[in-house]
Undergrad: 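Pasting a structure below so you can have a look.
Note that the coordinates shown come from a computational prediction; the quantities given were computed from them, not determined experimentally. Every chain is numbered from 1 and lettered A, B, ... according to where its sequence line falls, protein lines coming before strand lines.
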Protein chains: 2
Amino acid sequence: MTKPMPELAGERAIMVAGVAMSADNCPVRDVMANVSSKWNSLILLMLGEGPKRFSVLRREIPDISQRMLTQALRDLQRDGYIHRTVFPTQPPSVEYKLTDIGQSFLNVMKQIVDWSVDHHDAIRVARANFDGKSG
Amino acid sequence: MTKPMPELAGERAIMVAGVAMSADNCPVRDVMANVSSKWNSLILLMLGEGPKRFSVLRREIPDISQRMLTQALRDLQRDGYIHRTVFPTQPPSVEYKLTDIGQSFLNVMKQIVDWSVDHHDAIRVARANFDGKSG
DNA sequence: CTGCATCCCCGCCGATACTG
DNA sequence: CAGTATCGGCGGGGATGCAG
């Protein structure tokens, strides 16, 4: 991953929700690194619509740089969330699609999306309220 | 937030999973900014066990710097995830606890934790496999 | 005990140019 | 079209010292 999240890679185990977040056994760290990473989640959402080529993703996510898209895709592939297929055309085209794990993860992610939509107003209110008091 | 996620704050709306991720109406961005932020999610998990004082959080998350803990807590408070109570003792103590929204969000987050635990092995395998081929 | 300000390093990431 | 390499800024975040 791009962000190794060194914090929990230290030594002592942090117990939270009955799960040990320790050095050599921290599942959450690995996953959260993906969720955290700026673009990964958005890419997974996009691929949730179906397999897409590099250039298509690039077009659909205008703000991402080509470099970052490449990197994010490799990270996601590395962890098994997406599968990469090269078609030996001229010029070559590369298709990315969700793996089963990626699809499974996407389902969890979608819950965050739904939650976001549901609670966005409350968050905006809280934020405005907070800024009003301290600003 | 610490990370404003400028990418989606641009202009055009990106439709994903039937949700518009655009400039002035991007719920997901606000929430993801929290999830993304290095420590926020862990702090919420900690507070899921009950209200905690600043120093307790600091002790339970040894890797976080005091500066970042302060900042993360303020961010979470700002968006209404946690409530901050100052007890006028000498020396003063400050207690943080989840709001209803924070608790609600935590429930979603816990699903990520569960998912992480369930699929950690698969991810490690995929990663090792990938590194073995390319390295 | 909590929190703020300052300094400063390091790594993310965008821009650009180049390969197959 | 897809990906790599290099340079450079800029901001995150650690260390330290100070205040209430």
Undergrad: What's B/R53 touching, base or sugar-phosphate or nothing? Going by heavy atoms closer than 4.0 Å.
TA: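 It contacts sugar-phosphate atoms only.
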Undergrad: Across the strands shown, which category fits A/R59 at heavy-atom distances under 4.0 angstrom: base, sugar-phosphate, nothing?
TA: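 The residue A/R59 makes no contact with any strand.
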Undergrad: With heavy atoms under 4.0 Å as the rule, sort B/Y96 into base, sugar-phosphate or nothing.
TA: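 The answer is sugar-phosphate, as B/Y96 gets under 4.0 Å only of primed atoms, P, OP1 or OP2.
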Undergrad: Send over the distance from B/M68 CE to D/dG13 P, rounded to a whole Å.
TA: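 These atoms are roughly 6 Å apart.
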Undergrad: Quick check on DNA chain C: between B/L73 and A/P91, whose nearest nucleotide comes earlier from the 5' end?
TA: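 Looking at the nearest nucleotide for each, B/L73 comes out on the 5' side.
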Undergrad: Rounded to whole Å, please give me the gap between CG in B/D63 and P in D/dG14.
TA: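 Atom CG in B/D63 sits about 9 Å away from atom P in D/dG14.
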Undergrad: Under 4.0 Å, counting only non-hydrogen atoms across every strand here, what does B/Q90 touch: a base, just sugar-phosphate, or nothing?
TA: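 Touches nothing.
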Undergrad: Check the distance between D/dA5's P and A/Q71's CD and give it to me in whole angstrom.
TA: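 Between P of D/dA5 and CD of A/Q71: 12 Å.
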Undergrad: Would you classify B/R84 as touching base, sugar-phosphate or nothing, given that sugar-phosphate means primed atoms plus P, OP1 and OP2, and contacts are heavy atoms under 4.0 Å?
TA: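 Sugar-phosphate only.
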Undergrad: Please report the C-alpha distance between A/N40 and A/D75 in whole Å, then the side-chain angles of each, then the deciding distance to 0.1 Å, and finally whether the side chain to side chain donor-acceptor pair (under 3.5 Å) criterion is met.
TA: CA-CA 8 Å; A/N40 292 11; A/D75 287 344; 5.0 Å; no
Undergrad: Reckon B/T89 has a side-chain N or O less than 4.0 Å from the OP1 or OP2 of C/dC1?
TA: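 Looking at the OP1 and OP2 atoms of C/dC1, neither is under 4.0 Å from any side-chain N or O of B/T89.
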Undergrad: So A/Y81 and A/F105, would you call those rings parallel, tilted or perpendicular, with 30° and 60° as cut-offs?
TA: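 If you compare the ring of A/Y81 with that of A/F105, the planes turn out tilted.
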Undergrad: Could you tell me how far apart A/I64 (CD1) and D/dA2 (C1') are, to the nearest whole angstrom?
TA: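 Distance check: A/I64 CD1 to D/dA2 C1' gives 14 Å.
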Undergrad: When you measure from the side chain of A/T99 to the backbone N and O of A/H83, does any donor-acceptor pair fall under 3.5 Å?
TA: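 Not a single qualifying donor-acceptor pair exists.
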